[in-house]
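A short write-up of the structure that comes next.
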Amino acid sequence: MPELPEVETVKAGLQPVLEQHRITHAETRRGDLRVPFPNDFAGRLTGRRIEHLRRRAKYILADLDSGETLVIHLGMSGRMTVYASGAKKKLGNYVHDMNEDGIGKYKHDHVVIDTDAPARIVFNDHRRFGLMLLIDTAALEEHKLFKGLGIEALAPDFDAAYLAKAFKGKKTPVKAALLDQRVIAGLGNIYVCEALFRAGISPKRLAGKVRSEKIAALVTAIKQVLREAIKAGGSSLRDHRQATGELGYFQKRFAVYDREGEPCPHGHGTIKRIVQSGRSTFYCPSCQR
DNA sequence: CCGCGATCCTGGGGGC
DNA sequence: TGCCCCCAGGATCGCG
């Protein structure tokens, strides 16, 4: 479930076991992610201290004392599971102790990192769309993964004027424009649907044809829905850490996403599902124009 | 430069 | 129980 709020939530969960901690051991369990691990990936991690954790778009960035940055992307199905010291922790339907052999050896566990927190962090990704890379920190901005990224959705500079300029003359549907990480970084399918609903904009409307007051409403809606989701993820995360140590789960009821056929929360119509550039869009045809 | 579909993967769920 | 098809929170590539 990784869009900006989920990535932010995972980052927050990793912070206490990674930031200002040293990696005592690292290993990759299979090398055939879609993007292969860099050469000697585990070796370049081992012994390194993590100075700072940050987020850019949907990437988690861990700056190491070696001058390299560990770049993490969760793709569609990536999970980070943290096992804190000694205590019994729950993983899905299973309960494991940190010292049991099985941790990090389940199907699709790709990377295991131990730190002196002490903690063990397992990266699991069954669809293998995620990635972990090491890139020179100084050259990060110029790397192809980051060079084209648009403004952060929660940045103060992301405002109505910015979005109006970005949308000007665009003939692509506003739904697709919002998903484009070169325009705004961090939004994904769920929060685009939710933000468009809140702003009362049809996902089919061409980006260049959204009226300026609607653009202002859209910026507000985007920031609101993201902030609410981060807040909800954060609280759900605290519960999860106590109960399971598992990161990346975030329960929230959405207004329109995955609610095809249900009544619109505003009470005027029925939520419809359409497909735009190969992805589901959920919206209320009566509220969103 | 554009919009769009196909593609990379695995697994879950529904229909038959 | 099994098979087949569709679907999934992402991102890139190549086509017309």
Side-chain angles (χ1 to χ4, degrees), chain A residues 1-11 29-37 55-60 71-80 92-93 106-110 123-133 143-150 153 166-197 203-209 222 225-226 228-230 232-233 236-237 246-261 272-283:
Chain A
M1 51 165 73
E3 298 183 36
L4 186 155
E6 291 73 32
V7 176
E8 196 63 41
T9 298
V10 171
K11 191 199 88 177
R29 302 206 49 84
R30 58 186 289 180
D32 58 341
L33 291 179
R34 225 160 40 101
V35 180
F37 295 113
R55 180 192 56 76
R56 172 75 171 113
K58 297 168 192 170
Y59 295 91
I60 296 170
V71 175
I72 304 168
H73 196 288
L74 299 173
M76 293 277 263
S77 54
R79 296 268 162 86
M80 302 292 282
N93 297 323
Y106 300 112
K107 206 174 181 185
H108 308 304
D109 285 351
H110 302 306
F123 171 61
N124 177 290
D125 183 6
H126 70 88
R127 289 177 76 181
R128 288 190 270 137
F129 289 174
L131 61 83
M132 279 200 188
L133 294 177
H143 191 276
K144 64 173 179 175
L145 286 180
F146 299 96
K147 192 162 185 159
L149 286 176
F167 277 3
K168 192 171 169 129
K170 258 196 178 299
K171 295 201 173 74
T172 178
V174 61
K175 160 80 187 309
L178 292 174
L179 276 179
D180 187 342
Q181 302 298 298
R182 296 169 300 184
V183 178
I184 309 168
L187 288 174
N189 206 30
I190 291 177
Y191 296 109
V192 165
C193 291
E194 295 296 309
L196 286 171
F197 173 73
K204 295 190 283 195
R205 180 167 291 274
L206 301 188
K209 296 273 189 184
I222 288 169
V225 75
L226 291 178
E228 283 172 27
I230 290 171
S236 139
L237 174 62
E246 196 167 27
L247 301 182
Y249 286 96
F250 152 56
Q251 320 289 348
K252 180 168 163 56
R253 301 294 287 164
F254 303 110
V256 290
Y257 185 82
D258 205 21
R259 286 181 175 273
E260 182 184 14
K272 194 175 169 192
R273 171 184 176 270
I274 59 172
V275 175
Q276 293 181 288
S277 41
R279 312 200 60 190
S280 288
T281 300
F282 300 89
Y283 74 112

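Naming: A, B, ... by sequence-line order, numbering from 1 per chain.
- K171(A) comes within 4.0 angstrom of the backbone, heavy atoms only, and of no base.
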Practice prompt. Sugar-phosphate atoms are those with a prime plus P, OP1 and OP2; base atoms are the rest. Using that split, label each nucleotide of nucleotides 11-16 of chain C B, S or - for protein heavy atoms under 4.0 Å, 5' to 3'.
Written response: S-----
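- Between the P atom of dC2(B) and the NZ atom of K168(A) lies a distance of 15 Å, rounded to the nearest Å.
- Within the 4.0 Å cut-off from OP1 or OP2 of dG3(B), at least one side-chain nitrogen or oxygen of T172(A) is found.
- The aromatic rings of F254(A) and Y191(A) lie perpendicular to each other, with more than 60° between the two planes, well past the 30° mark.
- Contact check, S280(A) against dA8(C): a side-chain N or O comes under 4.0 Å of OP1 or OP2.
- When the P atom is used for both dT1(C) and dT10(B), the distance is 24 Å, rounded to whole Å.
- Nucleotides dA6(B) and dC5(C), compared at atom P, are 16 Å apart to the nearest Å.
- Pairing each heavy atom of R279(A) with each of K175(A), the nearest pair is O-NZ, 4.1 Å.
- Between dC9(B) and dC3(C), the two P atoms lie 23 Å apart (nearest whole Å).
- Minimum heavy-atom separation, V225(A) to A195(A): CG1-CB, 4.3 Å.
- Here H126(A) does not reach the OP1 or OP2 of dA8(C): none of its side-chain N or O atoms lies under 4.0 Å away.
- If you take CZ of R127(A) and P of dA8(C), they are 10 Å apart, rounded to a whole angstrom.
- Whole-Å rounding puts the K175(A) NZ to dG3(B) P distance at 15 Å.
- The two residues R273(A) and S280(A) make their nearest non-hydrogen contact at NE-OG, 2.8 Å.
- At a threshold of 4.0 angstrom between heavy atoms, the contacts of R182(A) with the nucleic acid are absent.
- Atoms CD (Q276(A)) and P (dG3(B)) sit 12 Å apart, rounded to a whole Å.
- An OP1 or OP2 oxygen of dT10(B) is reached within less than 4.0 angstrom by a side-chain nitrogen or oxygen of R128(A).
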Practice prompt. Give the intermediate values and the outcome of side chain to side chain contact (heavy atoms under 4.5 Å, CB included) for residues R79(A) and H108(A).
Written response: CA-CA 10 Å; R79(A) 296 268 162 86; H108(A) 308 304; over 6 Å; no
Fill in: Watson-Crick and G-U pairing of DNA chain B written in dot-bracket, each distance under 3.5 angstrom, with | for inter-strand partners
.|||||||.|||||||
